[in-house]
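For reference, the structure discussed in these notes is given below.
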Amino acid sequence: MNRDEVIPILYEMALTIGGESSVGPLLTRTLQRLLYYTSFPAGFICLDLPAPTAVDAEILTARLDAAVGDYQLIRHVGEQLALPRRLLLGPAAKADGQTELLSGMPATQGRYHAFLRLPIGKLGVIILMAPRMPETELPLTLMFEPIMAHLARAVLLCRNNDQYASQLIADKQRADTRAEFLALHDALTGLPNRGLLLDRIQQAMAMATHSGQYGALMTLNIDHFKQLNDYYGYEACDNMLVETARRLETCIREGDTVARFGGDEFMLLIWPLPATQNEAAIQAEQIAQKIQQGLTPPYRLNGRELSASFSIGISLFRAHLDTLETLLRNAETSVYQAKIAGRNTIRFFDPELQSVIMTRLELEADLLRAMPLKEFLLYYQVQADDQGHITGAEVLIRWRHPRRGLVSPAVFIPLAEETGAIVEIGDWVMQMACETLRGWQQHPRMRQLQLAVNVSAVQFHQPDFTDKVCRLMARYGDIAGLLKLELTESVMLDSAEQVIQKIQILKNLGLRFSLDDFGTGYSSLAYLKRLPLDQLKIDQSFVRDITSDPSAAVIIQTIIGMAQNLGLEVIAEGLETKEQLALLMRYGCRHYQGYLLSKPLPIDAFETLFEQGALSLSLKQALI
């Protein structure tokens, strides 16, 4: 074929190659034109082949970068294939009768017997295949050499262009993602911004319409932030804001939201809270206290440590009782009230709730000082048998507050359990009971009296509780059999096996155990039969209703019968009337405690009552 016939083909091929800007279309279009001009029906391209001297294996692993004319091959584009070395490597060549070599090709099913190999410089190879060699006078292996060189350069250019385009796309995606993020988040701290927080508040209000639960909106400001900015500079204070954001995120519960409104103002959505206002306020205040503690560690600004303080305002909400604007205004007002109160404090918007919280906080602070100030007193309530004999007493703690007078245990005991103060209080009560029993040993008539001491579940589950009692009994071992520890069924809610083990250890020292408020808790009868108890104490709620509610009477009879079968003593507390006493005695209860016998008395009054023997007469009168 003459020169005039070859040049138009090469020119058209060069235009095809030069017209593409991406590797994928470049390879496919090149293959299509080559098949057209050579009359081969199918072909493929593999780039990035190993150098001929790099491997000796007869089969190479190569990536199929493009394929045209064979559907089975096209399906494998982009995959790594095992291809014959003699097919892929070597100079430009064409050969017929290569059935064995081409049958090693995947998915060709031995349909091809002739091939044309056109190396693309050092980048790869083009393989054209046919069932038999097409008839042509064109010098195929020679005429396409400049085209292959041109294709090699085009591949490099297209790869650079693809990389640049990919980078542009990735940059745009990151920019779009960043823009979407900044639409709902603060650029400095990464926290939700005002818009996102308002949306979540509205969602919480909508959910509260159905659940009736409260939520809280907290506003937090860094005290004297402007002065900090002036002194340390904006960059240092920006770092402080970022650190504050991180600390706030660790203080809230899962599902709560921390947001930054700008400047030094943070807002926290606390949702959900309990459905009663006082409980919601107490829980919100506890979270606010946790936040204050979490923000307590010093900050490092410009290489110096700074102990910052924070003012926190709280506004409760439920459903749509207030508008969103009103809620935000109330939250702003509450933090302003915190600043007026001296900063570094917590204030509720609702004055009544604020009063409740302040009273509770004051009581908690006073409670922690009550022990060192010796404000606790012990009272003793008589326990007697059906013969009118005083068998002992229950030790009851009272708190004589310097301003409030006697504070009810129903008020301060739950608070002591919540704060952990109950452990120290309980240890003191037990030691004082031992001192009293030791003193009674000097009086022949009183040396058999027993004392019952309440042990809180919080105190009982302390890891060192058993060791403490063992050390106490080492000092007061002679009265161990006269000390009775009263436990409630709540101690059984966790680690029942450990509870049984603890009780048994202390029983081995001679201590006695009573299960208090029996019938109102959740203890399993399966565990009850295994507990090494001495006594069941019928709860006063059943005793109170024994004469008016048949169900209460049946429950008491059941408890007494069960206790007798288990070999346990039964005592009824809350005894107030002769009618109650008569029924209890009829049902087989032989031990009692309540106002019918005596109110809780100071130690002197209790000892006087015992010495006078007046109780026996009062019981006899009650039975008349």
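Quick caveat: nothing in here was measured; it's all calculated off a predicted structure. The first residue of the sequence shown is numbered 1, and numbering continues consecutively from there.
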Legend entry - Side chains of Arg347 and Thr345, donor plus acceptor under 3.5 Å: yes
Legend entry - Donor-acceptor pair, side chain of Asn229 and main chain of Cys237, under 3.5 angstrom: no
Legend entry - Result of checking Val155, Leu26, Asn161, Leu157 against Glu20 for side chain to side chain contact (heavy atoms under 4.5 Å, CB included): Leu26
Inset, instruction - Could you give me the CA-CA distance, side-chain angles and deciding distance for Gln383 and Gln593, then say whether side chain to side chain donor-acceptor pair (under 3.5 Å) is met? - result: CA-CA 5 Å; Gln383 294 181 343; Gln593 177 182 339; 2.8 Å; yes
Inset, instruction - Output the distance between atom CG (Leu268) and atom OG1 (Thr219), rounded to the nearest 0.5 Å. - result: 8.5 Å
Inset, instruction - Could you tell me whether Arg403 and Asp366 have a side-chain N and a carboxylate O separated by less than 4.0 Å? - result: yes
Legend entry - Distance-only donor-acceptor check, side chains Glu417 and Ser456, under 3.5 Å: yes
Legend entry - side-chain contact (heavy atoms from CB on, under 4.5 Å) between Ile312 and Val335, worked out: CA-CA 5 Å; Ile312 302 177; Val335 77; 5.9 Å; no
Inset, instruction - Compute whether any side-chain donor of one residue and acceptor of the other, for Ser311 and Asn221, lie under 3.5 angstrom apart. - result: no
Legend entry - Beyond-backbone contact of Tyr299 with Thr244, side-chain heavy atoms, under 4.5 angstrom: yes
Inset, instruction - For Gln450 and Arg512, test the side chains for any donor-to-acceptor distance below 3.5 angstrom and give the result as yes or no. - result: yes
Inset, instruction - Answer yes or no: is there a side-chain heavy-atom contact under 4.5 Å between Met218 and Ile291? - result: yes
Legend entry - Gln498 atom CD: more than 12 heavy-atom contacts under 6.0 Å: no
Legend entry - From Leu367 atom CG to Ile413 atom CD1, the distance as rounded to the nearest 0.5 Å: 8.5 Å
Inset, instruction - Tell me, yes or no, whether the heavy-atom count around Gln286 atom CD, taken from other residues, nucleotides or ligands under 6.0 Å, exceeds 12. - result: yes
Inset, instruction - Answer yes or no on whether Arg398 is positioned over the face of Tyr379, meaning its NZ or CZ is under 6.0 Å from the six-membered ring centre and within 45° of the axis. - result: yes
Inset, instruction - Compare every heavy atom of Pro274 with every heavy atom of Ala280, then report the nearest pair and how far apart it is. - result: CB-O, 3.6 Å
Inset, instruction - Considering non-hydrogen atoms only, spot the tightest contact between Arg63 and Asp48 and give its length. - result: NH2-OD2, 2.9 Å
Legend entry - Student check: side-chain heavy atoms of Leu511 and Val469 closer than 4.5 Å: yes
Inset, instruction - Could you give me the CA-CA distance, side-chain angles and deciding distance for Gln459 and Met430, then say whether side-chain contact (heavy atoms from CB on, under 4.5 Å) is met? - result: CA-CA 11 Å; Gln459 180 186 6; Met430 194 177 301; 4.1 Å; yes
Inset, instruction - Return the set of residues passing salt bridge (charged side-chain N to carboxylate O under 4.0 Å, His left out) with Asp534 (not counting sequence neighbours), or none when no residue passes. - result: Lys507
Legend entry - Close side-chain approach of Lys484 and Val453, heavy atoms under 4.5 Å: no
Legend entry - Nearest non-hydrogen partners of Leu451 and Ala433, listed with the distance: CD1-O, 3.6 Å
Inset, instruction - Look at atom CD of Glu79 and say whether more than 12 heavy atoms of other residues, nucleotides or ligands are closer to it than 6.0 Å. - result: yes
Inset, instruction - Specify the closest pair of heavy atoms between Met473 and Ala480, including all atoms of both residues, with the distance to one decimal. - result: SD-CB, 3.7 Å
Inset, instruction - Flag yes if more than 12 heavy atoms outside Gln163 fall under 6.0 Å of its CD atom; otherwise flag no. - result: no
Legend entry - Aromatic ring pairing Phe317/Trp271, orientation class (parallel under 30°, perpendicular over 60°, tilted between): parallel
Legend entry - Pairs involving residues 425-434, ordered by first then second residue, that meet salt bridge (charged side-chain N to carboxylate O under 4.0 Å, His left out) (sequence neighbours left out): Asp427-Lys468
Inset, instruction - Might you point out which heavy atoms bring Tyr595 and Pro600 nearest each other, and give the distance in Å? - result: CE1-CD, 3.7 Å
Inset, instruction - Enter the distance from Gln203:CD to Leu198:CG here, rounded to the nearest 0.5 Å. - result: 11.5 Å
Legend entry - Rounded distance [0.5 Å steps], CD1 in Ile479 versus CD in Glu435: 9.0 Å
Legend entry - Closest contact, heavy atoms only, Leu191 versus Ala245: CD1-CB, 3.5 Å
Legend entry - Asp478/Arg438 salt bridge by N-O under 4.0 Å criterion: yes
Inset, instruction - Identify whether NZ of Lys or CZ of Arg in Lys502 sits under 6.0 Å from the centre of the six-membered ring of Phe465 and within 45° of that ring's axis. - result: no
Inset, instruction - Ignoring hydrogens and angles, tell me if any N or O in the side chain of Arg300 forms a donor-acceptor pair with the backbone of Gly303 under 3.5 Å. - result: yes
Legend entry - Note, Val423 side chain near Trp428 side chain (heavy atom, < 4.5 Å): no
Inset, instruction - Answer yes or no on whether Arg304 is positioned over the face of Tyr232, meaning its NZ or CZ is under 6.0 Å from the six-membered ring centre and within 45° of the axis. - result: no
Inset, instruction - Run the salt-bridge test on Lys537 and Glu486 with the 4.0 Å N-O cut-off and return the result as yes or no. - result: yes
Inset, instruction - State whether Arg400 and Glu375 are salt-bridged, where the test is any N-O pair (Lys NZ or Arg NE/NH1/NH2 against Asp/Glu carboxylate O) under 4.0 Å. - result: no
Inset, instruction - To the nearest 0.5 angstrom, please state how far the CZ atom of Phe349 sits from the CG atom of Leu327. - result: 10.0 Å
Legend entry - Residues Leu533, Ser514; criterion side-chain contact (heavy atoms from CB on, under 4.5 Å); working and verdict: CA-CA 6 Å; Leu533 298 172; Ser514 175; over 6 Å; no
Legend entry - Heavy-atom check, side chain of Leu483 versus side chain of Tyr476, under 4.5 Å: no
Inset, instruction - Could you tell me the separation between the CZ atom of Arg318 and the CG atom of Leu316, rounded to the nearest 0.5 Å? - result: 10.5 Å
Inset, instruction - Answer yes if the side chains of Glu285 and Gln289 hold a donor-acceptor pair under 3.5 Å, and no otherwise. - result: yes
Legend entry - Test item: side-chain donor near acceptor, Asp516 and Thr488, under 3.5 Å: no
Legend entry - Side-chain donor-acceptor contact under 3.5 Å, Gln381 with Lys599: no
Legend entry - Pair Asp223, Ser309: side-chain N/O donor-acceptor within cut-off below 3.5 Å: yes
Legend entry - Check ion pair Arg329-Glu325 (N to O, under 4.0 angstrom): no
Inset, instruction - Would you check if there is a donor-acceptor pair between the side chains of Asp186 and Thr189 at a distance under 3.5 Å? - result: yes
Legend entry - Short N-O contact, Asp171 and Arg174, less than 4.0 angstrom: yes
Inset, instruction - Go through Arg260 and Leu188 one step at a time and tell me if the side-chain contact (heavy atoms from CB on, under 4.5 Å) criterion holds. - result: CA-CA 9 Å; Arg260 183 183 176 221; Leu188 176 65; 3.6 Å; yes
Legend entry - Residue pair Gln504 / Gln501, side-chain heavy-atom distance below 4.5 Å: no
Inset, instruction - Check whether any side-chain heavy atom of Gln283 lies under 4.5 Å from a side-chain heavy atom of Arg253, and answer yes or no. - result: yes
Inset, instruction - Without swapping roles, check the side chain of Ser22 against the backbone of Pro25 for a donor-acceptor pair under 3.5 Å. - result: no
Legend entry - Any side-chain donor near an acceptor of the partner, Thr276 and Asn278, under 3.5 Å: no
Legend entry - Backbone N/O of Val458 and side chain of Gln462: donor-acceptor pair under 3.5 Å: yes
